[in-house]
Novice: 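Pasting in a structure now, in structure tokens, and then I'll have a few things to ask.
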Amino acid sequence: MSDTRHEEFREYVQARGPALLRAATRLTGDGVEAEDLLQAALAKTYLAWDRIHDRAAMDGYVRRAMVNTQISWWRRRKLDIYPTDELPERPVDDDTRRSDMHDALGRALDRLPERQRLAVMLRYYEDMPEAEIAEVLGISVGTVKSTVSRAVAKLRDDAGLEDDFPGIPPQAPDPPAPDPSAPDPSAPERANPGE
């Protein structure tokens with residue numbers, strides 16, 4: 001592999017590494033295994049770098065390599081759990097609430113206008129910096145900031161989320177700032193010297 005191609009690959013990994021690691025974590029459910037999976041997929045991608053002509057499809061290639069590698073690893077695992085007549089006394093985590101919240105948030109994001117939804121997804125799901133989002137969406141950095149701010153405000157006020165989670169109290173608005181010219185109600189009253 002030439003130095004130019006090596007540099008291209010290194011830049012790609014630096015730019016897309018965090019997003020690919022999140023995808024690997026979703027596949028494995030474990031941070032350490034996700035790092036191993038991503039490393040194995042990137043090693044396969046590095047070997048095939050000269051054969052991949054469409055650089056825009058690179059994320060898809062790496063994700064496919066991660067899926068194939070994960071399936072291969074899963075098939076090779078030995079049976080670590082042996083059947084028994086007695087069930088263990090360990091509590092089992094219930095991810096139902098997290099799954100419900102994920103679904104509700106997905107529906108709330110679908111209710112946002114397209115540009116706000118894209119800005120929020122790129123900012124918080126893909127963890128892109130504002131400058132990069134501005135470049136991707138073809139807008140200014142200031143517009144990215146205001147778009148994300150408006151989208152988050154809409155999500156906070158989304159009545160659909162309140163319906164999905166009735167036990168969570170709505171956020172109270174920030175209290176108004178105190179008026180500096182008004183007397184302090186907690187200060188002791190002074191006697192009038194003229195009386």
Side-chain angles (χ1 to χ4, degrees), residues 1-78 80 93-152 155:
M1 181 179 272
S2 68
D3 287 341
T4 309
R5 300 236 191 260
H6 178 73
E7 187 64 25
E8 277 181 14
F9 182 78
R10 189 183 66 72
E11 288 173 4
Y12 170 76
V13 172
Q14 279 183 328
R16 298 301 299 151
L20 293 170
L21 182 59
R22 283 191 299 277
T25 303
R26 282 186 228 121
L27 282 171
T28 63
D30 178 61
V32 175
E33 281 188 42
E35 290 174 356
D36 292 343
L37 178 62
L38 179 58
Q39 185 175 11
L42 287 174
K44 291 177 182 180
T45 305
Y46 181 81
L47 294 174
W49 190 260
D50 291 332
R51 294 189 316 258
I52 304 170
H53 301 290
D54 184 9
R55 297 293 188 233
M58 193 58 61
D59 276 6
Y61 185 92
V62 175
R63 289 173 198 256
R64 183 79 249 170
M66 284 192 294
V67 168
N68 291 344
T69 303
Q70 180 67 12
I71 290 170
S72 176
W73 288 354
W74 175 73
R75 287 179 180 156
R76 288 184 194 152
R77 281 197 189 117
K78 294 181 180 178
D80 292 332
D93 290 336
D94 183 12
D95 292 331
T96 306
R97 180 116 172 116
R98 185 172 17 166
S99 177
D100 290 346
M101 188 173 290
H102 181 78
D103 292 343
L105 186 57
R107 288 191 301 275
L109 286 170
D110 287 342
R111 289 189 289 269
L112 290 175
E114 183 179 3
R115 186 158 85 175
Q116 287 182 357
R117 182 174 53 250
L118 286 172
V120 167
M121 295 293 287
L122 293 173
R123 182 70 182 106
Y124 296 110
Y125 280 72
E126 292 295 326
D127 200 27
M128 283 185 174
E130 290 158 345
E132 193 174 336
I133 296 169
E135 185 179 323
V136 168
L137 296 180
I139 56 179
S140 72
V141 173
T143 304
V144 169
K145 290 178 181 180
S146 63
T147 301
V148 169
S149 176
R150 286 187 191 111
V152 170
L155 289 172

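In this text the structure is predicted, and so the values were computed from the model without any measurement.
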Novice: Using a strict threshold of under 4.0 Å (side-chain N to carboxylate O), is an ion pair present between E126 and R16?
Specialist: yes

Novice: Any side-chain to backbone donor/acceptor pair from R22 onto Y125? Under 3.5 Å, distance only.
Specialist: yes

Novice: Quick one: closest heavy-atom pair of I133 and A119, and the distance?
Specialist: CD1-O, 4.2 Å

Novice: Between the side chains of R10 and E7, is the shortest nitrogen-to-carboxylate-oxygen separation below 4.0 Å, so that they form an ion pair?
Specialist: yes

Novice: How close do L38 and G17 get, heavy atom to heavy atom, and via which atoms?
Specialist: CD2-O, 4.0 Å

Novice: What's the spacing between Q70 CD and E33 CD if we round to 0.5 Å?
Specialist: 6.5 Å

Novice: So does K44 have more than 12 non-hydrogen atoms from other groups sitting under 6.0 Å from NZ?
Specialist: yes

Novice: Answer yes or no: are there more than 12 heavy-atom neighbours, outside Q14 itself, under 6.0 Å from its atom CD?
Specialist: yes

Novice: Any idea how H6 and Y46 line up, ring-wise: parallel (<30°), tilted (30 to 60°), or perpendicular (>60°)?
Specialist: perpendicular

Novice: Rounded to the nearest 0.5 Å, what separation is found between the CG atom of D59 and the CE atom of M66?
Specialist: 8.5 Å

Novice: A side-chain contact here means heavy atoms from C-beta on lying under 4.5 Å apart; do W73 and T28 qualify?
Specialist: no

Novice: I'd like to know if the side chain of R63 and the backbone of L20 have a donor-acceptor N/O pair within less than 3.5 Å.
Specialist: no

Novice: Can you tell if the side chain of M128 reaches within under 4.5 Å of the side chain of R123, non-hydrogen atoms only?
Specialist: no

Novice: Heavy-atom distance under 4.5 Å between the side chains of M58 and T45, does that happen here?
Specialist: yes

Novice: Can you check whether L21's main-chain N or O pairs, donor with acceptor, with T25's side chain at less than 3.5 Å?
Specialist: yes

Novice: Would you kindly say whether S72 and T69 are connected by a side-chain donor-acceptor distance under 3.5 Å?
Specialist: no

Novice: Between CG of L112 and CZ of R107, what distance do you get to the nearest 0.5 Å?
Specialist: 14.0 Å

Novice: Taking side chain as C-beta onward, heavy atoms only, is Q116 less than 4.5 Å from L109?
Specialist: no

Novice: Where do A131 and V141 come nearest, in terms of heavy atoms and distance?
Specialist: CA-CG2, 3.9 Å

Novice: Please give me the minimum heavy-atom distance between L155 and A108, naming the atom from each residue.
Specialist: CD2-CB, 3.7 Å

Novice: Are S149 and S146 close enough, and set up right, to give a side-chain hydrogen bond (donor to acceptor under 3.5 Å, both in side chains), and what steps lead you there?
Specialist: CA-CA 5 Å; S149 176; S146 63; over 6 Å; no

Novice: Rounded at 0.5 Å granularity, tell me how far CD in E130 sits from OG in S140.
Specialist: 11.0 Å

Novice: Are L122 and L137 packed together at the side-chain level, in the sense that at least one heavy-atom pair is separated by less than 4.5 angstrom?
Specialist: yes

